[in-house]
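Beneath this line is the structure, given in structure tokens, with notes to follow.
Below, read A as the first sequence line, B as the second, and so on, with proteins coming before strands; counting in each chain starts at 1.
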Protein chains: 2
Amino acid sequence: METEHTSIWLRPARGARGRAPEHTRDGIAAVGVRLADSVGLGAVTMRSVAEALGGGSASLYRYVQSRDELVALMVDQVNGEIDYSVLAGTDWLADLLALGRQSRAVYLRHPWLLATPAATGNLGPRAVDYLEHALGAMQDLELDGHRKLEAVGVFTAVVRLLAGTEIEQRGTGPVDRRRQLAAAAHLAGLVGAGAHPHLAAALATPPAEPDADQVERVLTRVLRGLLGT
Amino acid sequence: METEHTSIWLRPARGARGRAPEHTRDGIAAVGVRLADSVGLGAVTMRSVAEALGGGSASLYRYVQSRDELVALMVDQVNGEIDYSVLAGTDWLADLLALGRQSRAVYLRHPWLLATPAATGNLGPRAVDYLEHALGAMQDLELDGHRKLEAVGVFTAVVRLLAGTEIEQRGTGPVDRRRQLAAAAHLAGLVGAGAHPHLAAALATPPAEPDADQVERVLTRVLRGLLGT
DNA sequence: CTAGAATAGCGAACACTGATCGCAATTATG
DNA sequence: CATAATTGCGATCAGTGTTCGCTATTCTAG
């Protein structure tokens with residue numbers, strides 16, 4: 001009977017005795033990330049990852065209890081791409097915006113992150129680092145701890161949302177174009193039918209190009225409202 | 001060669017000639033929703049839904065091109081649970097909060113919504129209705145259309161986030177409890193190690209119970225920041 | 001140094017999944 | 001009525017996550 005470790009972050013990476021493992025968690029995650037970046041998250045199967053590692057698919061289960069855990073490793077890995085040395089520590093808003101800017105870049109580099117469950121609990125070590133630095137940026141604000149945690153949650157949710165719409169519009173593949181045209185046709189039909197006047201009005205003004213500046217603009221307003229001042 | 005309808009919302013529900021279909025889209029969606037509510041989204045398979053409808057799984061593909069489309073039908077179906085008659089139309093913030101409150105209720109009734117991709121484009125008719133009413137609530141605000149659309153996006157993202165954390169903490173099953181304990185142990189370990197002082201500080205204050213009031217509080221601040229005043 | 005125990009790698013298989021094909025039954029249209 | 005379009009569906013396919021049992025390796029205890 002084994003001790004059941006629910007989370008991969010609490011389970012030791014390797015056993016104390018016995019043969020040494022041939023791979024590391026980071027190495028496995030890196031392979032998964034590379035695959036997802038190039039062919040999509042759907043192509044990240046136990047077999048494909050194992051083959052890229054030069055082994056059998058059953059061996060992967062020595063490192064990971066399920067495919068979901070593998071994806072969790074991948075998510076935490078890309079969370080490690082953020083550089084905290086750019087944070088000046090003098091202006092909380094500037095630091096949070098710097099974090100948001102980098103976070104957006106991570107999403108654009110790894111669009112499959114959007115297909116990943118936005119977990120708030122059971123964060124990996126690198127996600128915890130991110131949280132720590134986000135809280136650090138707000139250290140001079142006189143707010144309750146849970147209010148700050150709340151703010152970080154909203155912050156990351158907004159970044160995720162904006163990156164998502166940006167990625168949707170940026171898709172240049174034939175499938176993406178088809179989808180965009182279909183959506184446009186759908187909305188045009190609805191607006192033309194006249195049953196949705198407010199939507200028609202909102203769509204009348206040309207939409208702003210989504211970019212890093214939009215992210216900063218929205219984040220600034222949201223954070224000011226949320227944190228006061 | 002058929003005309004390829006990318007979106008299910010642009011495809012006619014039934015052909016003009018030939019035998020009449022035995023089911024409706026809404027009926028199929030209802031079966032899926034019932035299944036997902038009781039056994040989870042993972043239990044919504046083509047076979048299980050078809051069996052609940054009293055037919056073969058291949059027949060489902062006469063209504064739906066893929067499982068994802070089936071899920072899209074389900075999502076749009078629960079979007080129909082929102083009652084817009086409660087909107088007074090006199091105070092934009094009050095109306096938006098009323099929408100948020102109902103939206104939260106929908107999430108709590110159908111937790112599997114969180115496992116669903118948060119699509120911004122290609123909305124179903126009921127999602128479009130929601131959007132229309134949200135925009136209607138803001139009709140007296142003098143803002144660009146795309147700014148209002150932006151606000152609705154952030155709005156729904158925040159509701160989704162808060163409902164998600166609420167559902168995570170509310171889970172009472174043995175598996176959920178295990179997960180919660182594991183997460184708590186993980187954080188305790190990190191805090192004890194001393195490498196995350198800001199996180200430790202934030203966790204020192206007891207977290208506020210997530211509920212409908214929290215949603216309104218956060219939404220109010222976010223919307224005030226986003227829409228000005 | 002040796003015996004035993006714990007661990008890693010993995011071929012083969014299992015249960016299931018989404019999806020397709022071709023045919024028979026049904027129904028509106030010309 | 002004949003034709004063409006459409007539906008229902010049994011059978012089947014390729015592919016998935018995961019498990020089992022075995023062998024090979026490597027650390028620890030004596």
Nucleotide nearest [X] (side chain, heavy atoms from C-beta), chosen from [options]:
X       : options                : value
B/Ser66 : D/dG17, C/dG18, C/dA19 : C/dA19
B/Ser57 : C/dA19, D/dA5, D/dG8   : C/dA19
A/Thr45 : D/dT19, C/dA8, D/dT16  : D/dT16

Whole angstroms only, please: what is the [atom1]-[atom2] distance between [X] and [N]?
X       : N      : atom1 : atom2 : result
A/Arg19 : D/dC27 : CZ    : P     : 12 Å
A/Arg47 : C/dG11 : CZ    : C1'   : 12 Å
A/Arg62 : D/dC22 : CZ    : P     : 14 Å
A/Glu22 : C/dA8  : CD    : C1'   : 8 Å
A/Glu51 : D/dG17 : CD    : C1'   : 17 Å
A/Arg14 : D/dT25 : CZ    : P     : 16 Å
A/Leu70 : D/dT16 : CG    : C1'   : 14 Å
B/Leu41 : C/dT17 : CG    : C1'   : 14 Å

Problem set entry | Residue met sooner reading DNA chain C from 5', once B/Ala16 and B/Val44 are mapped to nucleotides | B/Val44

For this session: Could you check B/Ile167, B/Leu108, B/Val106 and say which one makes a side-chain contact (heavy atoms from CB on, under 4.5 Å) with B/Leu113?
Result: B/Val106

Problem set entry | Distance-minimising heavy-atom pair for B/Asn79 and B/Ala127 | ND2-CB, 3.8 Å

For this session: Could you tell me whether B/Gly56 contacts a base, only the sugar-phosphate backbone, or nothing, with contacts defined as non-hydrogen atoms closer than 4.0 Å?
Result: sugar-phosphate

Exercise. Judged by modelled atom types alone, do B/Glu166 and B/Gln214 share a side-chain donor-acceptor pair under 3.5 Å?
Worked result: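 No.
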
Exercise. Any side-chain donor paired with an acceptor under 3.5 Å for B/Asp83 and B/Ser85?
Worked result: yes

Is the phosphate of [N], meaning OP1 or OP2, less than 4.0 Å from a side-chain N or O of [X]?
X       : N      : value
B/Tyr63 : D/dT7  : no
B/Ser59 : D/dT7  : no
B/Arg67 : C/dG18 : yes

For this session: Mind checking the OH-OG1 spacing from A/Tyr107 to A/Thr116? Nearest 0.5 Å is all I need.
Result: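 One finds 8.5 Å between OH of A/Tyr107 and OG1 of A/Thr116.
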
